[in-house]
Amino acid sequence: MRKIVYTTILALTALLACSRAEEGTAPQTIVPLYRMMADFSSMSTAARDSFMTADSAQIRAMVEVIGGGSPTADQLTRWSQSMPVTIFTPPTDSVFPTLAPLEDTLGIILARAGRESLDLPRRSYAAVVWGNRRSIVINGDVVLIALNHYLGQDYPGYGHWPLYMRIDKKPGRLPYDITEALVASRYAYDGGTNATVLSRLIYEGVLAAVKMALVPDAKLTEALGYSEKELEWLDENQTEIWRQIVGQNLLYDTSEITADRLVAPAPATSIISPDTPRRAGRYIGYRIVSEYMRHHSDVTLQQMLRPDFYTDQAVLIESGYEGK
């Protein structure tokens with residue numbers, strides 16, 4: 001019990017730190033769909049009908065992800081009694097006793113995106129729990145946020161997952177993951193017919209820069225997905241990482257597999273060395289982008305999210321980045 005209470009305090013502290021109001025922002029409603037589903041089987045027929053009508057878009061989006069088909073009262077009753085709902089709802093309620101901090105934070109993120117002229121579609125938001133491995137799913141006009149993916153790395157239900165996956169399962173990562181999902185869905189990577197590793201690194205670096213700009217009180221460790229120790233290691237060894245990337249002729253490699261080995265989730269960036277922290281390509285990409293921004297203060301996030309920016313080899317040259 002003490003551990004659950006402690007985790008709850010940490011969750012609220014992390015989210016409240018991101019939820020201080022900014023001028024021109026308004027909280028975004030996040031429908032607590034997971035809590036409503038947990039209560040569904042005990043609802044009266046009238047209450048069920050009202051719930052299915054009021055939140056029909058979110059329900060349809062969730063059902064499509066967990067099994068497909070059109071939602072029916074019988075189907076939702078079975079889901080409300082399913083193992084994922086039964087197992088995940090109590091700890092989710094403990095870690096997230098209120099969604100208000102996250103709603104405030106989401107309002108700030110969207111307001112900042114608007115001020116940056118980022119064209120993010122208007123969507124509705126719903127909190128869910130499920131056994132799906134995806135934590136943020138955009139289905140049509142609905143964003144489904146699986147809160148059971150953010151219960152803390154020591155949550156027993158994550159015990160069978162490798163450490164590099166568990167360490168991301170903390171409440172403080174929610175604003176960053178939501179931001180990346182929203183932005184990457186609208187501005188998806190498009191390297192063209194001859195996409196290079198360099199263009200992918202720069203794109204990943206731009207995503208990190210976007211998270212740093214949109215998430216309130218952003219931390220680079222969270223934007224890149226590292227612990228303080230991992231980021232310190234990368235800072236100390238970036239020259240060698242860059243030497244390896246250049247020395248292995250990886251920058252202009254057009255293999256998607258090579259790019260994934262540098263930026264996709266994994267225990268380590270083994271293409272560099274067994275000791276190099278995971279997704280080191282993201283770190284290098286961010287360093288290139290941050291140096292470019294330092295030399296070109298008028299560049300906008302919107303411009304950097306365009307393919308003609310991150311596929312332009314001149315970005316690296318004009319950034320002046322040399323691995324330090």
Side-chain angles (χ1 to χ4, degrees), residues 15 26-41 48-89 92 96 99 102-103 105-111 113-114 118-151 157 165 168-169 171 173-190 203 207 210-211 214-215 225 264-265 305:
L15 291 176
Q28 292 291 306
T29 299
I30 301 175
V31 176
L33 198 57
Y34 81 95
R35 166 42 53 200
M36 297 174 178
M37 287 310 312
D39 297 336
F40 188 82
S41 61
R48 291 182 185 182
D49 291 344
S50 176
F51 165 55
M52 292 177 68
T53 300
D55 300 293
S56 58
Q58 290 85 357
I59 294 171
R60 284 197 305 272
M62 181 192 71
V63 169
E64 286 178 6
V65 174
I66 64 176
S70 299
T72 65
D74 288 343
Q75 182 185 37
L76 295 181
T77 297
R78 289 193 297 272
W79 175 246
S80 72
Q81 298 170 343
S82 68
M83 187 175 295
V85 173
T86 302
I87 291 176
F88 291 131
T89 298
T92 299
F96 299 97
L99 296 180
L102 184 57
E103 291 176 325
T105 297
L106 182 55
I108 294 172
I109 290 168
L110 293 176
L118 297 183
D119 181 24
L120 301 184
R122 291 181 61 86
R123 292 188 167 103
S124 62
Y125 300 83
V128 299
V129 298
W130 57 30
N132 194 296
R133 285 213 166 201
R134 293 181 291 173
S135 57
I136 311 291
V137 175
I138 298 177
N139 189 347
D141 294 330
V142 179
V143 181
L144 299 167
I145 305 167
L147 293 181
N148 61 297
H149 277 266
Y150 299 92
L151 302 179
M165 296 176 67
D168 290 334
K169 300 299 181 181
R173 283 298 300 277
L174 262 170
Y176 302 89
D177 288 355
I178 293 173
T179 300
E180 180 166 342
L182 293 175
V183 174
S185 69
R186 172 62 183 84
Y187 300 94
Y189 173 70
D190 180 8
Y203 174 78
L207 284 182
V210 169
K211 286 182 279 187
L214 300 190
V215 176
L305 284 166

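Since we're looking at a predicted model, the values are computed, not measured.
- To the nearest 0.5 Å, atoms OH (Tyr176) and CD1 (Ile136) are separated by 14.5 Å.
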Apply side chain to side chain contact (heavy atoms under 4.5 Å, CB included) to the pair Leu174 and Thr105, showing each step before the final yes or no. CA-CA 10 Å; Leu174 262 170; Thr105 297; over 6 Å; no

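- Between Ser135 and Tyr150, the shortest heavy-atom distance links the atoms OG-OH, 3.1 Å.
- Tyr187 places a side-chain heavy atom less than 4.5 Å from the side chain of Leu118.
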Report the C-alpha distance between Arg134 and Leu144 in whole Å, list the side-chain angles of each, state the deciding distance to 0.1 Å, and finish with yes or no for side chain to side chain contact (heavy atoms under 4.5 Å, CB included). CA-CA 10 Å; Arg134 293 181 291 173; Leu144 299 167; over 6 Å; no

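- Across all their heavy atoms, Gly131 and Pro84 have their closest contact at N-CB, 3.9 Å.
- Judged by distance alone, with hydrogens and angles left aside, the side-chain atoms of Arg122 form no donor-acceptor pair with the main-chain N or O of Asp141 at under 3.5 Å.
- Listed here is the closest heavy atom pair of Gln81 and Ser41: NE2-CB, 3.6 Å.
- Interatomic distance, CD1 of Ile109 versus CD1 of Ile178, reported as 6.5 Å (0.5 Å rounding).
- Every residue two or more places apart in sequence or in another chain that forms a salt bridge (charged side-chain N to carboxylate O under 4.0 Å, His left out) with Arg173 is listed here: Asp168, Asp177, Glu222.
- Arg35 has a carboxylate O that lies under 4.0 Å from a charged side-chain N of Asp39, or vice versa, which qualifies the two as a salt bridge.
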Could you check Asp74 against Arg78 for side chain to side chain contact (heavy atoms under 4.5 Å, CB included), going step by step and ending with a plain yes or no? CA-CA 6 Å; Asp74 288 343; Arg78 289 193 297 272; 3.9 Å; yes

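- One finds the CG atom of Leu120 at 8.0 Å from the CG atom of Leu214 (value rounded to the nearest 0.5 Å).
- Between the OG atom in Ser185 and the CD atom in Glu180 there is a gap of 10.5 Å [rounded to 0.5 Å].
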List, one per line, each side-chain donor-acceptor pair under 3.5 Å for residues 55-65, sequence neighbours excluded.
{"residue": "Gln58", "atom": "NE2", "partner": "Ser124", "partner atom": "OG", "Å": "3.2"}
{"residue": "Glu64", "atom": "OE1", "partner": "Asn139", "partner atom": "ND2", "Å": "3.0"}

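- Within the model, atoms CG of Leu99 and OG1 of Thr29 stand 10.5 Å from one another, a figure rounded to the nearest 0.5 Å.
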Run the side chain to side chain contact (heavy atoms under 4.5 Å, CB included) test on Leu305 and Val183 for me, step by step, so that the C-alpha distance in whole Å, both residues' side-chain angles and the decisive distance to 0.1 Å come before the verdict. CA-CA 9 Å; Leu305 284 166; Val183 174; 3.9 Å; yes

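- Residues meeting the salt bridge (charged side-chain N to carboxylate O under 4.0 Å, His left out) test with Arg186, sequence neighbours left out: Asp119.
- By the side chain to side chain contact (heavy atoms under 4.5 Å, CB included) test, Ala146 is found to be paired with Val128, Trp130, Asn148, His149, residues two or more places apart in sequence or in another chain being considered.
- Here the OG1-CZ distance, from Thr77 to Arg48, works out to 4.0 Å after rounding to the nearest 0.5 Å.
- The backbone N or O of Thr86 lies less than 3.5 Å from no partner atom in the side chain of Thr89, so there is not a single donor-acceptor pair.
- Here the closest non-hydrogen pair linking Leu147 and Ala127 is CD1-CB, 3.7 Å.
- In this structure, Tyr34 has no ring pair (Phe, Tyr, Trp, His ring centres under 6.0 Å) partners at least two apart in sequence or on a different chain.
- Not counting sequence neighbours, Tyr125 has no partner by the ring pair (Phe, Tyr, Trp, His ring centres under 6.0 Å) test.
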